[in-house]
Each structure stands twice: as C-alpha cells, then as structure tokens.
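From a predicted model like this one, the values you see are computed outputs, not experimental measurements.
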Amino acid sequence: MRIAIGAVLAVILLGLYVYSVSFAILVVNCASTSGCTSYPLSGFTDGMVQALTLVGGLVSALVVAELAVTNPGEAPMTRALEPTASVTTQQTVKWVTIVYLIVWVATGLSAYVVGQMLHPKVLQPLTDLGQSWLGLAVAAGYAYFGIRPHGADDP
C-alpha cells in the first residue's frame with residue numbers, strides 16, 4: 001500500500017512537472033513569434049515559476065535517488081517489491097518506471113533545448129531548469145551505472 005501511495009504521488013508530481021514545462025515552452029515560443037498574444041510572458045505567473053522549480057527539483061531528486069540505489073542492469077523500483085510479488089506486478093512496476101523515466105527525460109530535454117539552446121533567457125526559469133536538468137541527468141546516469149572517477153575507492 002505504501003508503494004502504491006508513493007507511486008501515485010510521484011505520478012502527480014510528474015504530471016505537474018510536464019504541465020509547467022509544457023506551458024513554459026508555449027510561452028517562450030509565443031514570445032519568440034512576432035504578433036503572438038495567446039501565451040504572453042506575463043501569463044507565466046510567479047506561482048508557475050515556483051511550481052516549475054520546486055516540482056522539477058522534486059521529480060529530478062526522486063529519479064536520481066532511485067537510480068542511485070538501483071544496481072546497474074536492474075529495473076528501478078523492483079527492489080521495493082516483496083519477493084513473492086506476482087510476475088504481473090513486477091512487470092507493471094517495471095513498465096511504469098520506464099515510462100516515468102522516459103517522460104522525465106523527454107520533458108527535461110525539451111526544457112534544455114527550448115530554454116537553453118533555442119531561446120535562452122526569454123523565460124529565465126525555463127533556461128535555469130534546462131541547465132539544472134542536464135546536470136541532474138548526468139548525475140542520474142553516473143549514479144545508475146556506478147561510474148566513479150579513476151582512483152576512487154570502491155565501496
């Protein structure tokens with residue numbers, strides 16, 4: 001039950017993250033198009049800025065933390081299941097986790113491309129999110145694959 005509640009909260013946070021990044025991208029694209037008034041910069045409120053940064057940080061922290069405790073080659077979150085969990089439950093958790101990670105990567109990459117590469121500083125919170133997402137994505141990869149600097153002590 002605890003895992004199910006945690007999963008629902010994680011999916012809700014991911015939904016808020018996708019919504020806030022998507023809306024920010026619409027605002028940036030509108031601001032970069034002459035004559036566009038459907039998504040003005042003023043429409044991206046302070047509350048949206050806070051949601052973008054806070055929820056983006058929470059979702060990314062969840063991804064990095066989960067990948068850090070997952071052994072390379074294993075599906076994230078499967079370690080949280082009871083050993084007696086059915087094959088259907090194991091497969092469901094595996095696929096939900098994979099979709100979650102794909103959505104996180106696609107959303108963060110979109111923020112990076114639009115906010116940093118195509119339209120830097122049009123909407124600074126999107127630019128900042130894209131930059132921080134890139135660093136967190138690298139950290140997540142390092143954590144999952146257990147990459148350590150040469151000469152670092154093995155655990």
*Can you tell me which residue pairs pass the side chain to side chain donor-acceptor pair (under 3.5 Å) test with a partner in residues 107-129, sequence neighbours excluded?*
S32-H119, Q116-Q131, Q124-D128

*Tell me, which pairs form a side chain to side chain donor-acceptor pair (under 3.5 Å) where one or both residues lie in residues 12-27, sequence neighbours left out?*
none

*First locate atom CG of L14, then atom CG of L101, and finally report the distance between them rounded to the nearest 0.5 Å.*
9.5 Å

*Check whether L109 and V63 end up in the same hydrophobic cluster, where Ile, Leu, Val, Met, Phe, Trp and Tyr are linked by side-chain heavy atoms less than 4.5 Å apart.*
yes

*asked:* For L62 versus A10, what's the shortest heavy-atom pair and its separation?
replied: CD2-CB, 3.7 Å

*Closest non-hydrogen atom pair between V55 and L13, with its separation*: CG1-O, 3.2 Å

*Flag for W104-S60: side-chain donor and acceptor within less than 3.5 Å*: yes

*What pairs with Y100 under ring pair (Phe, Tyr, Trp, His ring centres under 6.0 Å), at least two apart in sequence or on another chain?*
none

*Flag yes if L67 and I98 sit in one hydrophobic cluster, no otherwise; membership is Ile, Leu, Val, Met, Phe, Trp, Tyr, and two members link when side-chain heavy atoms are under 4.5 Å apart.*
no

*Joint cluster assignment, V18 & L54, ILVMFWY side-chain distance < 4.5 Å*: yes

*If you group Ile, Leu, Val, Met, Phe, Trp and Tyr by side-chain heavy-atom gaps below 4.5 Å, do V96 and I12 land in one group?*
no

*What pair of heavy atoms forms the shortest contact from T70 to P76, and how long is it?*
OG1-CA, 3.6 Å

*asked:* Working to the nearest 0.5 angstrom, can you tell me the gap between Y39 OH and F44 CZ?
replied: 13.0 Å

*Can you find a side-chain donor-acceptor pair between S86 and T89 that sits under 3.5 Å?*
yes

*Does one hydrophobic cluster hold both W133 and M117, with members joined at side-chain heavy-atom distances below 4.5 Å?*
yes

*Are the side chain of T45 and the backbone N or O of M48 linked by a donor-acceptor pair below 3.5 Å?*
yes

_Closest heavy-atom pair and its distance - L126, L52_ = N-CD2, 4.0 Å

*Kindly give the heavy-atom pair with the smallest separation between S38 and C30, and that separation in Å.*
N-SG, 3.8 Å

*For residues L41 and A31, report the shortest heavy-atom separation together with the two atoms involved.*
CG-CB, 3.9 Å

*Measure the CG-CG distance between N29 and L123 for me, rounded to the nearest 0.5 Å.*
11.0 Å

